[in-house]
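Remarks on the structure that follows.
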Amino acid sequence: MYNFQKQIDYLLENACASIRYLVYRDMLHIPIDEPFMKELQAEILRQSNVQKHLEAQHPDGWFGQELHGNEGMDHYINGLLNMGVEPGNLHIQKAITALTTPETASQHKNWFRGGDALDAEERGGNRAIIAGLLSLVNAPEDTAILCDEISLSLEHLKEVLQYHSVDDFTLRGKNERYYKPKAKFPGANHINLLANTQGWRTGENMQIAQSATKHAYELMKEFDEYITFRKPFEFGGGFVGPFNYDWKALNPISERQFQDIIENPYHFQFGFWLRAISTVPDWARQNTAAYELLADKLDKDTLFDMIPDKTLKAFRQIMGREPSWRRKASPKCDVTFAVLEACIPVLK
């Protein structure tokens with residue numbers, strides 16, 4: 001097995017405060033109340049990329065212009081957490097208060113296109129976004145909306161075991177494939193919410209989660225179409241895209257396939273793939289091939305030099321934590337940390 005000590009030492013010597021803090025907290029398990037950790041947390045809050053996020057907060061606590069999207073509450077809270085800002089930080093807690101206070105939330109665009117229709121069909125819309133954010137900041141799991149969405153996510157998993165093909169839960173329209181009305185099949189919002197919560201994890205539920213994700217993977221591992229959602233007539237009709245899970249990210253990967261990912265003309269492919277495999281919960285993982293391939297390249301110190309410049313720049317937009325890439329070491333620190341974050345929970 002890999003110990004990754006060489007890569008950890010490199011990051012502790014060369015990386016920004018965000019990455020060093022996350023290495024200490026999540027990989028070396030240093031308590032956050034240690035004096036030097038508190039100093040690092042203060043340094044994180046002074047970073048330019050963190051300050052840019054904080055500048056998007058309104059006086060009432062709301063972040064950005066909407067609930068979901070590039071200018072959304074979820075974008076800013078996720079961004080701050082990914083850069084090592086603790087969930088208990090006053091800025092984040094003020095945002096959560098704004099999110100869960102109807103009088104405040106109503107002053108902003110606290111919904112997204114199709115969100116109400118998705119909620120009505122129990123596919124996960126506005127309520128799923130809110131529950132997901134609550135799960136990330138360690139809100140009590142008996143909070144009503146969080147508890148309801150956890151139960152709904154489990155229902156989507158349980159339903160999977162009844163299907164024998166994609167046609168059992170979707171319809172093929174003229175231009176789109178879309179979910180059948182009221183059909184349940186787990187999307188990213190369901191799996192991510194269960195990955196970030198604990199209270200549902202009884203022995204029976206864990207067995208269901210493992211069996212359901214294995215079965216869903218078998219149904220979807222070679223499926224190339226995007227499944228959308230057809231809004232009911234009372235919500236105006238038309239199609240919107242629900243949060244499909246990236247089942248292909250669970251596939252084993254060869255050297256050639258990895259080369260295709262980093263050299264893909266869609267330069268964001270590597271970043272999205274790496275982010276996807278980084279967030280696969282242990283009960284959904286089907287193999288360790290991708291993690292072993294990445295770890296081997298880290299160990300041989302060949303990974304960073306393989307990545308084309310355009311792919312690297314796109315990766316930064318998806319998973320970058322370094323506030324600036326002016327320092328020569330910064331791009332390598334971002335890539336190294338992201339790969340370690342994916343590999344350590346699986347291989348160490």
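For this chain, numbers begin at 1 and follow the sequence in order. Keep in mind that what you see is a predicted model, and the values were worked out from it rather than measured.
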Using the salt bridge (Lys or Arg N to Asp or Glu O under 4.0 Å) rule, collect all pairs that involve residues 210-220, keeping only residues at least two apart or in two chains. Glu218-Lys221
In terms of hydrophobic clustering (I, L, V, M, F, W, Y; side-chain heavy atoms under 4.5 Å; direct or indirect links), are Leu40 and Leu28 co-clustered? yes
State, yes or no, whether a side-chain contact exists between Ile261 and Gln257 at a heavy-atom distance under 4.5 Å. no
Atom CZ of Arg326: over 12 foreign heavy atoms under 6.0 Å: no
With salt bridge (Lys or Arg N to Asp or Glu O under 4.0 Å) as the rule and sequence neighbours excluded, what pairs involving residues 23-40 come up? Arg25-Glu86
Find out whether Ile96 and Ile77 are in side-chain contact, i.e. whether some heavy atom of one side chain is under 4.5 Å from a heavy atom of the other. yes
Does any non-hydrogen side-chain atom of Tyr10 lie less than 4.5 Å from one of Cys333? yes
Aromatic centroids of His91 and His53 separated by under 6.0 Å: no
Non-hydrogen side-chain atoms of Leu312 and Trp325 separated by less than 4.5 Å: yes
Tell me which pairs pass salt bridge (Lys or Arg N to Asp or Glu O under 4.0 Å) where either residue lies in residues 290-300, with sequence neighbours left out. Glu255-Lys297, Asp296-Lys300
Within 6.0 Å of OH in Tyr266, more than 12 heavy atoms from elsewhere: yes
CD1 (Ile44) and CD1 (Ile19) are apart, to the nearest 0.5 Å, by 10.0 Å
Reported CG-to-CG distance for the pair Leu22 and Leu340, which is rounded to 0.5 angstrom: 12.0 Å
Scan for side-chain hydrogen bond (donor to acceptor under 3.5 Å, both in side chains) pairs involving residues 234-246, sequence neighbours excluded, and state none if there are none. Tyr179-Asn244
Go through Ile227 and Glu176 one step at a time and tell me if the side-chain contact (heavy atoms from CB on, under 4.5 Å) criterion holds. CA-CA 7 Å; Ile227 306 173; Glu176 295 93 356; over 6 Å; no
Donor-acceptor pair between Ser48 and Gln51 side chains, under 3.5 angstrom: no
Under the side-chain contact (heavy atoms from CB on, under 4.5 Å) rule, what do Leu81 and Tyr76 come out as? Steps first, then yes or no, please. CA-CA 9 Å; Leu81 294 172; Tyr76 288 104; over 6 Å; no
Pairs of donor and acceptor atoms involving the side chains of residues 120-131, under 3.5 Å and at least two apart or interchain, shall be tabulated with distances.
| from | atom 1 | to | atom 2 | distance (Å) |
| --- | --- | --- | --- | --- |
| Glu121 | OE1 | Lys182 | N | 3.0 |
| Glu122 | OE1 | Lys184 | NZ | 3.1 |
| Arg123 | NH1 | Ala183 | O | 3.0 |
| Arg123 | NH2 | Phe185 | O | 2.8 |
| Asn126 | OD1 | Phe112 | N | 3.1 |
| Asn126 | ND2 | Asp116 | OD1 | 2.8 |
| Arg127 | NH2 | Asp148 | OD2 | 3.3 |

Name all residues meeting the salt bridge (charged side-chain N to carboxylate O under 4.0 Å, His left out) criterion together with Arg113; count only those two or more places apart in sequence or in a different chain, and write none if there are none. none
Closest heavy-atom pair, Tyr226 versus Pro242, reported as atoms and distance to 0.1 Å, is OH-O, 3.0 Å
Please list all pairs passing the ring-ring contact (aromatic ring centres under 6.0 Å, His included) test where one or both residues lie in residues 289-322, with sequence neighbours left out. Phe270-Phe315
Tell me, please, which residues at least two apart from Lys248 pass side chain to side chain donor-acceptor pair (under 3.5 Å). Asp224
Closest approach of Ala295 to Cys343 (non-hydrogen atoms, all atoms of both residues): N-SG, 4.1 Å
Using every non-hydrogen atom in the two residues, find where Leu274 and Ala338 come nearest and quote the distance to one decimal. CD2-CB, 3.8 Å
Salt bridge (charged side-chain N to carboxylate O under 4.0 Å, His left out) filter on Arg172, not counting sequence neighbours, yields Glu225
Decide, yes or no, whether a salt bridge links Asp301 with Lys332 under the criterion of side-chain N to carboxylate O below 4.0 Å. yes
Identify whether Phe169 and Ile208 are in the same connected component of the hydrophobic contact network (ILVMFWY, side-chain heavy atoms under 4.5 Å). no
Using links of under 4.5 Å between side-chain heavy atoms of ILVMFWY residues, direct or through other members, which residues join Tyr178 in one cluster? Leu171, Phe239
Would you tell me whether Gln5 and Asn3 have side-chain atoms, one donor and one acceptor, within less than 3.5 Å of each other? no
Rounded to the nearest 0.5 Å, what separates atom CG in Leu133 from atom OG in Ser135? 7.5 Å
Could you tell me if Thr311 and Glu263 have a donor-acceptor pair between their side chains, going purely by distance under 3.5 Å? no
So Phe223 and Arg177, do their side chains get closer than 4.5 Å, heavy atoms only? yes
Met319 and Arg275 have their tightest heavy-atom pair at SD-N, 3.7 Å
Between Arg327 and Pro331, the two heavy atoms sitting closest are O-CD, 3.5 Å
If the condition is salt bridge (charged side-chain N to carboxylate O under 4.0 Å, His left out), which residues does Asp282 pass it with, not counting sequence neighbours? none
Kindly work out whether a path of hydrophobic side-chain contacts (I/L/V/M/F/W/Y, heavy atoms less than 4.5 Å apart) joins Met27 to Met37. yes
Indicate if Ile253 and Leu250 have the same hydrophobic cluster label, given that clusters are the connected sets of ILVMFWY residues with side-chain heavy-atom separations under 4.5 angstrom. yes
Audit row: Leu11, Arg20, side-chain contact (heavy atoms from CB on, under 4.5 Å) steps and yes/no: CA-CA 7 Å; Leu11 292 176; Arg20 284 183 282 128; 5.9 Å; no
Would you check if there is a donor-acceptor pair between the side chains of Asn89 and Gln93 at a distance under 3.5 Å? no
Among Glu322, Arg316, Arg321, exactly one meets side-chain contact (heavy atoms from CB on, under 4.5 Å) together with Ser330. Which residue is that? Glu322
OG1 (Thr97) and CH2 (Trp62) are apart, to the nearest 0.5 Å, by 12.0 Å
Residues 58-79 vs salt bridge (Lys or Arg N to Asp or Glu O under 4.0 Å), sequence neighbours excluded, gives Glu66-Lys109
Taking the six-membered ring for Trp, is the centroid-to-centroid distance between His68 and Phe243 below 6.0 Å? yes
Indicate if Leu161 and Tyr217 have the same hydrophobic cluster label, given that clusters are the connected sets of ILVMFWY residues with side-chain heavy-atom separations under 4.5 angstrom. no
Counting neighbours of CZ on Arg230 that are heavy atoms of other residues, nucleotides or ligands and sit closer than 6.0 Å, is the number greater than 12? no
Side-chain contact, heavy-atom cut-off 4.5 Å: Leu146 with Leu193? yes
Exceeds 12 heavy-atom contacts within 6.0 angstrom, atom NZ of Lys52: no
Heavy-atom check, side chain of Thr100 versus side chain of Thr143, under 4.5 Å: no
Under the criterion side-chain contact (heavy atoms from CB on, under 4.5 Å), I'd like the reasoning laid out for Trp283 against Arg201: C-alpha separation, chi angles, the key distance, then a yes or no. CA-CA 11 Å; Trp283 42 266; Arg201 299 182 186 222; 3.9 Å; yes
Student check: side-chain heavy atoms of Ile191 and Ser153 closer than 4.5 Å: no
Can you give me the closest heavy-atom contact between Thr302 and Met306, atom names plus distance? O-CG, 3.1 Å
